[in-house]
Amino acid sequence: MELSDEIRITAPRDVVYRALNNPEILKECIPGCEELTQNSPNELEAKVVLKIGPVKAKFAGEVTLDKTNAPGGFSLSGEGKGGAAGFAKGGADVTLAEDGDETVLTYTAKVDVGGKIAQLGSRLIAGTAKKLSGKFFTRFGEIVSEQSVS
């Protein structure tokens, strides 16, 4: 499954980039995030509780960041395991473009799921993934815009 979107954030690109690398901000934005630990500058570990249709599971996962294109963007890849519910793995490419006083954040993500959650059907999984990414970026944009004004 592939997801992509473009979000305008009322903050300079360097502020948005720093926020995307701040575990405290990310934890507040990730729906269902119970724990987010930065193990190194390029590695994060998370515990997230999600409900996808009738299946509710706690996922433990790791994310690796490739900051080669910083601050204009970065890539990430990761995998999460939800026990009997299954697993999710994938990656995303994020670009940050300056547009006056705003930053245009564009992302393309690919996700594969397996186990019980894969049996729910691609429409339900895709709808849930879009909803979760929408919640993340709405909250992220609010936090970064507020901090930029302060």
Could you walk me through whether E45 and V63 pass the side chain to side chain contact (heavy atoms under 4.5 Å, CB included) check? CA-CA 6 Å; E45 191 174 328; V63 176; over 6 Å; no
Which salt bridge (Lys or Arg N to Asp or Glu O under 4.0 Å) pairs, counting each pair once, include a residue from residues 116-130, with sequence neighbours left out? none
side-chain contact (heavy atoms from CB on, under 4.5 Å) with Q38: which residues, sequence neighbours excluded? P23, L44
State the OG-CG distance between S4 and D93, to the nearest 0.5 angstrom. 11.5 Å
All salt bridge (charged side-chain N to carboxylate O under 4.0 Å, His left out) counterparts of D99, not counting sequence neighbours: R8
Find out whether R13 and P71 are in side-chain contact, i.e. whether some heavy atom of one side chain is under 4.5 Å from a heavy atom of the other. yes
When you group the ILVMFWY residues by side-chain heavy-atom contacts below 4.5 Å and let the links chain together, are M1 and L50 in the same group? yes
I need the I117 CD1 to F59 CZ distance, nearest 0.5 Å. 4.0 Å
Give me the atom names and distance for the closest heavy-atom approach of A129 to L3. CB-CD1, 3.7 Å
Do N42 and S40 have side-chain N/O donor and acceptor atoms under 3.5 Å apart? no
Just wondering, are more than 12 heavy atoms of other shown residues or ligands nearer than 6.0 Å to NZ in K131? no
Pairs under 3.5 angstrom only: tabulate donor-acceptor contacts from the side chains of residues 106-113 to other protein residues two or more places apart or in another chain.
{"residue": "Y107", "atom": "OH", "partner": "S133", "partner atom": "OG", "Å": "3.3"}

What is the minimum heavy-atom distance between A85 and V55, and which atoms define it? CB-CG1, 3.8 Å
Within this structure, what is the OG1-CD1 distance for the pair T103 and I7, rounded to the nearest 0.5 Å? 12.0 Å
Hey, could you give me the CD/OG1 distance between E6 and T95, rounded to the nearest 0.5 Å? 8.0 Å
For V144 and A19, the nearest pair of non-hydrogen atoms, with its separation, is CG2-CB, 3.5 Å
Restricting to ring-ring contact (aromatic ring centres under 6.0 Å, His included), what partner residues turn up for F87, sequence neighbours left out? none
Examine distances only and state if a side-chain atom of T64 and a backbone atom of E43 form a donor-acceptor pair shorter than 3.5 Å. no
Rounded distance (nearest 0.5 Å) linking atom SG of C29 with atom CD of E24: 12.0 Å
Measure the CD1-CG distance between I9 and D101 for me, rounded to the nearest 0.5 Å. 14.0 Å
Test your reading of the model: is there a side-chain donor-acceptor pair from K27 to the backbone of A46, 3.5 Å cut-off? no
Test log, rule side chain to side chain contact (heavy atoms under 4.5 Å, CB included), inputs T128 and L124: CA-CA 6 Å; T128 301; L124 178 60; 4.1 Å; yes
Between E142 and R139, is there a side-chain N and carboxylate O pair less than 4.0 Å apart? yes
Mutual orientation of the aromatic rings belonging to F140 and F136 [parallel < 30°, tilted 30-60°, perpendicular > 60°]: parallel
Please step through side chain to side chain contact (heavy atoms under 4.5 Å, CB included) for the pair L96 and V104, ending with a clear verdict. CA-CA 6 Å; L96 302 171; V104 178; over 6 Å; no
Hey, could you give me each pair passing salt bridge (Lys or Arg N to Asp or Glu O under 4.0 Å) that has a residue in residues 48-65? Not counting sequence neighbours. E34-K58
Reference residue L65; test side chain to side chain contact (heavy atoms under 4.5 Å, CB included); the match among L20, L76, V94: L76
Within the 4.5 Å heavy-atom criterion, are L26 and C33 side-chain neighbours or not? no
